[in-house]
**Student:** 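Quick one: the structure is below, questions incoming.
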Amino acid sequence: MNESNDELTLNNYLPSQVEQKWQTHWDSFRAFSPNPSDKGDPFCIVIPPPNVTGSLHMGHAFNTALIDVIIRFQRLLGKNVLCLPGTDHASIAVQTILEKKLKVEGKNSEDIGREEFLKRAWTWKEQSGGKIISQLKRIGYSVDWERERFTLDEKLNEAVVEAFNILHEKKLIYRGEYLVNWCPASQSAVSDLEVEMQEVNGYLWHFKYPLISGQGQILDEYLEVATTRPETLLGDTALAVNPNDERYKKYIDKKVKVPFVDREIPVISDIHVDKDFGTGCVKVTPAHDPNDFAIGKRNNLKQINIMNKDGTLNINAGKFQDLDRFDARKQIIKELDNLGLLTKIENYKNTVPFSDRGKVPIEPLLSTQWFLKMDNISSSCLKELDSKKPTFIPQRWEKVYKDWLDNINDWCISRQLWWGHQIPAWYVLKQSEDSIDQNTPYVVARNEKEALSKATKEFGANFQLIRDKDVLDTWFSSGLWPFSTLGWPNTNDADFKKWYPNSVLVTGFDIIFFWVARMTMMGKTFTNNIPFKDVYIHGLVRDENNKKMSKSSGNGIDPLLLIDKYGSDALRFALLREVAGAGQDIRLDFDRKENTSSTVEASRNFANKLWNATKFVLINKTFSENYSLNESDEKYLDLSDKWILSKLNQLNTKVSNLLIEYKLGESAKLLYEFAWNDFCDWYVEFAKQKFNNKESHNRKISEKILIKVLTDVLVMIHPFMPHITEELWHKLQIKPEQILLSLQKWPVLETKYINSQIDKSFQELFEIIRLIRNLRVELGLKPSQLVPVYLISDNVELTNFLKTLIVDIKTFTKSSEVFICKSKDIDKNNFAKSFSGIIGDIEVYLPLNDFVNLEALKDRLNKDLQKVNSDIETLNKRISNKNFIDKAPKDIVEECFAKLKEGKLQSEKINKKLKLLK
RNA sequence: GGGCGAUUAGCUCAGCGGUAGAGCGCCUGCCUUACAAGCAGGAUGUCCCUGGUUCGAACCCUGGAUCGCCCA
């Protein structure tokens, strides 16, 4: 026994030690830094970059586990694999965090200025980003840290600037005044996707506008409207009715007066007015409501903005100026009531748009923003989807993606923030001007120098250039991620040439729109390629109460807590074996008092099992030369060797096929079953028999098989549990540290070993052994009490098989002796009072007349009889159905008859025995 | 309003046409020197309800219930 073995045999499994060791080695040996010129087909995943908003949660751990299994599996298949890590600057989220911190200091961003603010932001990024990276390393992520990227890296910023310029040159980017989703909390525009609809209990206020005569006289006639937002009446520029509404036809083109601001506005007709909503007559505020905006466009209405960017009312609100929007609402209601114009207040459930980040109601606000035209881009992606580009796994998400592309609106890409990619547009102001409005001319350029030359060319001299202060939506840069990280716009970059398009994108369904669709659109636009072949969509991690784990609800579980307790291998395996094929959410059980998780614990136990199985093999190793199984060993293989090799190779086929189809959970379960049940529970026990006999020729073969099977299964489990398998593989194969399991090859499939006859025989053997054990328990025998066993059957094939394994049966069942005979060879009367059972066509007797409680024996036989009879009954029912015989497949019918025959035989035997007992 | 998913053992979930499965938990017996983080044995189910298709339905189809999610 050599030293390295000593180390292993002495120690217990300590996950943290093993994991730290190999993480360090992988790092120092640059194990996962591929060269594009290395051999092997390319396989590439760029990881979904976590936001630098703090630390990782369980969802990240889940995503990481999934990606790493795929990546490590492909690496074992011999592909040239790149997995590229990185983080995202998360413009709005990080800015919000920083603003909050400033608030604690009693400051705001304006107080400290852009430069200082960005300095703080970078400091924050270093902290949070660093923490995230160290967490990812603790999970054992086999990514190339040398290629780590951050969305605000200089290189990636160049890509963003280039992308913006190209889009602008293609006339897909435009600047314009539109109604945008304004978040008064972050004081920025946000995209449609960052708006969350929430149902709230509100009111529907009914009030009336006085009609005025042609001469401008206020008449004693009114039109009544119903609205959930009465304060916007200050910005009304029309009332609208449905043209087919008989009640209102006569009012069309008449005028009414807006209370408080004394504006005369027309009554118009528009087909989109719902006759059944409220009174059927609606107020139209184009500057503050998307529907009204559309009505305004159709009818050439004025847009009057009554609000400031912080949600207070502006000068257009008259005497309500400076009031907060919600205070103004109360005040206006009160005053309408005083004027006798308020007619009704109804309770009303309505859905209000909320800012995803700011958690305050969105204000639709008229403002000048940058937009990306989507219809051409989205339709080219839809076209690609016809040929399954990309392929969604599971397939149902394809529809979600498609529907969104079908109904897409132009994308508002500018954000009134500082943290992010500043928009590469420069305004050209005459020396006398100092303000920028929507009509100010601008140039888009790669840099200030280019901007200057462009501007000079277009506008001559005497101007000043001012760069747009705004930044781009975070998802603009994320949309470029699959190729900006590989060197784009330099399409000659070796990484880009080798690994683009990526192989698969692995992400949660919650960002299909935000991210997946943006990447396909950007990818298609800039590279004329969908950026990844497959999209694997996984579910969310839910807590023990089936709630989504999130920071805001405070139910997140820190992955590191579980890693510290059980090891990263255990956490990974626990998450992975929960994965169903359908991409369902997974639930992680967790005891918040004890900080324990029985799911993860079970996986840790599995790791421990592998550890100890290896320990067993090493302890029993008798020689240290070449352990590989060679041709000449073949003829010495005994039945159990052949059986385990058959099982092993079946496992190999199944698991590699499943993994190629991304069926990760199923693979994990199969590996678990094989390693624990087939290998540890059975094969190792067979091996122990052979080890008892030191002279046995089989011993050496058995050692070789143990090592071979264990090695192969460790390789197959490696993608799931990389650390422990790396450790055990080294011990078992006696390899130096710089040779890594991570870089080995998937076990070669040896189909010649697959033998279904042996599988079946062993299945029968196990059932017989189980029956004997069962009988012993019922007899109340202690494990130390050895008793003889008789196996009686006329099935020669079976008895011959059992005879070769007689020693094993003896040990497995703690029998003093095992007799196998034909029924004619014995006198059953001698066994009348033996404890016995029947399985298949074999009868098992424990001839222990003294021990046997006759009543217990009768009970047992009656129980068996009952079961057999009920089986016979159902089988008879099926067979007596003529249709079944005619229509069911032949093999099913035959099987049915065979089972019936066997059942009847059993029933007969049991009856005979019962008779003997009387 | 439109769409998607879920409903199977006490719990978490597999199975998706041929006599109901796993892990955890539970019960019984074992410290059998690889492993008590273990071994052996055991108990436990109107497979949400309703019709229908089929020789045969947990599985396919109608309709419905409950829970959850997405979009408007």
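Letters go in sequence order (proteins before strands), and every chain restarts at 1.
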**Student:** Below 3.5 Å, does any donor atom in the side chain of A:Lys688 face an acceptor in the base of B:rA34, or the other way round?
**Tutor:** yes
**Student:** Round to the nearest Å and state the distance from A:Asn608 atom CG to B:rG38 atom C1'.
**Tutor:** 9 Å
**Student:** Between B:rU50 and B:rC55, how far apart are the two C1' atoms, rounded to whole Å?
**Tutor:** 23 Å
**Student:** Nearest whole Å is fine: how far is B:rU12 C1' from A:Leu576 CG?
**Tutor:** 16 Å
**Student:** B:rU8 and B:rA20: how far apart are their C1' atoms, nearest whole angstrom?
**Tutor:** 9 Å
**Student:** Have a look at A:Cys896 and say if it touches a base, only the backbone sugar-phosphate, or nothing, with a 4.0 Å heavy-atom cut-off.
**Tutor:** nothing
**Student:** Quote, to the nearest angstrom, the P distance that separates B:rU54 from B:rG23.
**Tutor:** 39 Å
**Student:** Write down the distance between CG (A:Leu670) and C1' (B:rG21), rounded to a whole number of angstrom.
**Tutor:** 13 Å
**Student:** What is the distance from CZ of A:Phe616 to P of B:rA34, rounded to the nearest Å?
**Tutor:** 6 Å
**Student:** On RNA chain B, does the nearest nucleotide to A:Glu685 precede the nearest nucleotide to A:Leu14 from the 5' side, or the other way round? Give the residue.
**Tutor:** A:Glu685
**Student:** Angle class for the A:Phe762/A:Phe766 ring planes (parallel below 30°, perpendicular above 60°, tilted otherwise)?
**Tutor:** perpendicular
**Student:** Please figure out whether A:Phe606 or A:Lys782 has its closest RNA chain B nucleotide nearer the 5' end.
**Tutor:** A:Lys782
**Student:** With distance as the sole criterion, do the side chain of A:Arg604 and the base of B:rA37 form a donor-acceptor contact below 3.5 Å?
**Tutor:** yes
**Student:** Identify whether NZ of Lys or CZ of Arg in A:Arg518 sits under 6.0 Å from the centre of the six-membered ring of A:Phe513 and within 45° of that ring's axis.
**Tutor:** no
**Student:** Give the ring-plane orientation class for A:Phe606 versus A:Trp676, where under 30° counts as parallel, over 60° as perpendicular and anything between as tilted.
**Tutor:** parallel
**Student:** Between B:rC67 and B:rG56, how far is it from one C1' atom to the other, in whole Å?
**Tutor:** 32 Å
**Student:** Is it the case that the base of B:rC35 and the side chain of A:Lys609 share a donor-acceptor contact (distance under 3.5 Å, atom types as modelled)?
**Tutor:** yes
**Student:** Can you tell me how far P in B:rC60 sits from the matching atom in B:rG5, rounded to whole Å?
**Tutor:** 11 Å
**Student:** Hey, is the side chain of A:Arg396 poking within less than 4.0 Å of OP1 or OP2 on B:rC4, counting only N and O atoms?
**Tutor:** no
**Student:** Sticking with atom C1', work out how far B:rU46 lies from B:rC39, rounded to a whole angstrom.
**Tutor:** 36 Å
**Student:** Quantified in whole Å, what is the P atom distance between nucleotide B:rG64 and nucleotide B:rG51?
**Tutor:** 15 Å
**Student:** Charged N to carboxylate O below 4.0 Å: is that the case for A:Lys688 and A:Glu685?
**Tutor:** yes
**Student:** Measure the distance from CG on A:Asp681 to P on B:rG41 and round it to the nearest whole Å.
**Tutor:** 9 Å
**Student:** In the structure shown, which nucleotide is the Watson-Crick or G-U wobble counterpart of B:rA40, with both distances under 3.5 Å?
**Tutor:** B:rU28
**Student:** Salt bridge (charged side-chain N to carboxylate O under 4.0 Å, His left out) between A:Asp292 and A:Arg229: does it pass, once the steps are laid out?
**Tutor:** CA-CA 13 Å; A:Asp292 293 4; A:Arg229 303 196 50 202; over 6 Å; no
**Student:** Just how far, in rounded Å, is C1' of B:rG29 from CG of A:Leu779?
**Tutor:** 14 Å
**Student:** Starting at atom NZ of A:Lys402, determine the distance to atom C1' of B:rG2, rounded to an integer number of angstrom.
**Tutor:** 15 Å
**Student:** Answer with base, sugar-phosphate or nothing: what part of the nucleic acid does A:Arg776 contact at a heavy-atom distance below 4.0 Å?
**Tutor:** nothing
**Student:** Applying salt bridge (charged side-chain N to carboxylate O under 4.0 Å, His left out), run through A:Arg699 and A:Glu703 and close with a yes or a no.
**Tutor:** CA-CA 6 Å; A:Arg699 172 167 187 135; A:Glu703 280 180 44; 2.9 Å; yes
**Student:** Can you tell me how far C1' of B:rA22 sits from CG of A:Asn677, to the nearest Å?
**Tutor:** 10 Å
**Student:** If you only use heavy atoms from C-beta on, which nucleotide in B:rC71, B:rG18, B:rC13 is closest to the side chain of A:Phe513?
**Tutor:** B:rC71
**Student:** Any side-chain N or O of A:Asn774 under 4.0 Å from OP1/OP2 of B:rG42?
**Tutor:** yes
**Student:** Can you tell me the Watson-Crick or wobble partner of B:rG5, both distances under 3.5 angstrom?
**Tutor:** B:rC67
**Student:** Sticking with atom C1', work out how far B:rU62 lies from B:rG68, rounded to a whole angstrom.
**Tutor:** 24 Å
**Student:** Which is true for A:Glu398 with a 4.0 Å heavy-atom rule: it touches a base, it touches only sugar-phosphate, or it touches nothing?
**Tutor:** nothing
